[in-house]
Number of protein chains: 2
Amino acid sequence: MVDEVTEQLNRAFAALADPTRRDLVARLAGADATVGELAQPYGMSLQAVSKHVKVLEEAGLVVRSKEAQRRPVHLDAEVFDLMTKWIERYRREAEQRYQRLDAVLDRMAVSEGDTSEDQTS
Amino acid sequence: MVDEVTEQLNRAFAALADPTRRDLVARLAGADATVGELAQPYGMSLQAVSKHVKVLEEAGLVVRSKEAQRRPVHLDAEVFDLMTKWIERYRREAEQRYQRLDAVLDRMAVSEGDTSEDQTS
DNA sequence: GTCATTGTCAACCGTCTGGTTGATAACGCT
DNA sequence: AGCGTTATCAACCAGACGGTTGACAATGAC
């Protein structure tokens, strides 16, 4: 295995990059639904929606429970955690760095007359 | 315009679906860097990395300031907010619904002796 | 001016993606 | 058993994606 979390994130971000799939997620957040119900509002074949659901499923964002010939689709929020944690981590780092930059600029303002060029960092 | 936020999210999620680009973001969270510096660790041409940076830029995740012939790349955390807000909204909805389901199951457990089959919901 | 450095642009290539249509499977109903 | 409903599978297609190589633009250094 190359890295399970990496592949999970690949699939999850890719899944949510499609607006139709984000809309599916949005609707499934409100209530479970069958593929047929989900397909209703879009000008798109049932097969296309079925494929979208499959992508969401492989990304772990959704589970399908087999119930007769219907397969109600249910949103599984767990992978969302993984995504928000990844995003938040780097957002926070970047913000902290931004604030450190502010501090540096403040210090530079104090020792303003320093025109030597030897700090390459 | 079809919907600016939608397109923004399309680009942002798609950008982060690639592990190389997530790694770029991770490194840029620590410090700004030039395309050349960024390209170092990967077994990949400079042009390929340049393309990745371009994708990140068009997703609004990164800005490039022109400074001589170098173009230091800087992480812009703002779009991250949009993504986390989107994710968190539906995660929360789904969780609330999950808890309502629990409540329903509790009520069903109370009226347990009811063996009539007519509630189809 | 000439040269080295840094990076982008353009064309190409194989693969993945998002859609289509047609056939088929699985189940409930009568 | 036969039919209708629900959904998946398979083949196909156009376009996007991630990489390559080669040419070129822009700037700093000599």
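Predicted model, so just to flag it, every value in this text is computed and none were measured. So that the names make sense, note that chain A is the first sequence line, chain B the second, and so on, each numbered from 1.
Closest of all the heavy-atom pairs between V53(A) and V73(A) is CG1-CG2, 3.9 Å. Annotation for H52(B) and T20(B): closest pair CD2-CG2, 3.9 Å, computed over non-hydrogen atoms.
For Q47(A) and dG18(C), a side-chain-to-base donor-acceptor distance below 3.5 Å is absent, hydrogens and geometry of angles not being considered.
If you chain together hydrophobic residues whose side chains sit under 4.5 Å apart, L46(A) and L24(A) fall into the same group.
Rounded to an integer number of Å, the gap from CZ of R11(A) to C1' of dC16(C) is 15 Å. Distance N10(B) CG to dG18(C) C1': 13 Å, rounded to the nearest Å. One atom, CG of L38(A), and another, P of dT8(D), lie 10 Å apart when rounded to the nearest Å. With rounding to whole Å, E37(A) atom CD is found 16 Å from dT5(D) atom P. To the nearest angstrom, C1' of dT6(D) lies 12 Å from CZ of R64(A). Look at CG on L46(B): it is 13 Å from C1' on dT21(D), rounded to the nearest Å.
Side chain of T84(B) to main chain of F80(B): a donor-acceptor pair is present (N/O by atom type, distance under 3.5 Å, no hydrogens or angles).
In this structure, of dG7(C), dT20(C), dT21(D), it is dG7(C) that holds the atom nearest to the side chain of T34(B).
Each salt bridge (charged side-chain N to carboxylate O under 4.0 Å, His left out) pair with one or both residues in residues 80-90 of chain B, not counting sequence neighbours, appears once here: R91(A)-D81(B), E88(B)-R91(B), R89(B)-E93(B). Pairs passing the salt bridge (charged side-chain N to carboxylate O under 4.0 Å, His left out) check and including a residue from residues 44-62 of chain B, sequence neighbours excluded, read E57(B)-R64(B).
Residues meeting the salt bridge (charged side-chain N to carboxylate O under 4.0 Å, His left out) test with R11(A), sequence neighbours left out: E4(A), E7(A). Partners of D76(B) according to the side chain to side chain donor-acceptor pair (under 3.5 Å) rule, which considers only residues two or more places apart in sequence or in another chain, do not exist here.
A close approach under 4.0 Å does occur between a side-chain nitrogen or oxygen of S45(A) and OP1 or OP2 of dT20(C).
Of all the residues in residues 49-59 of chain B, K51(B), H52(B) reach under 4.0 Å from DNA chain D with at least one non-hydrogen atom. Of the residues in residues 16-28 of chain B, not one places a heavy atom less than 4.0 Å from an atom of DNA chain C.
To the nearest 0.5 angstrom, I87(B) atom CD1 is 6.5 Å from L16(A) atom CG.
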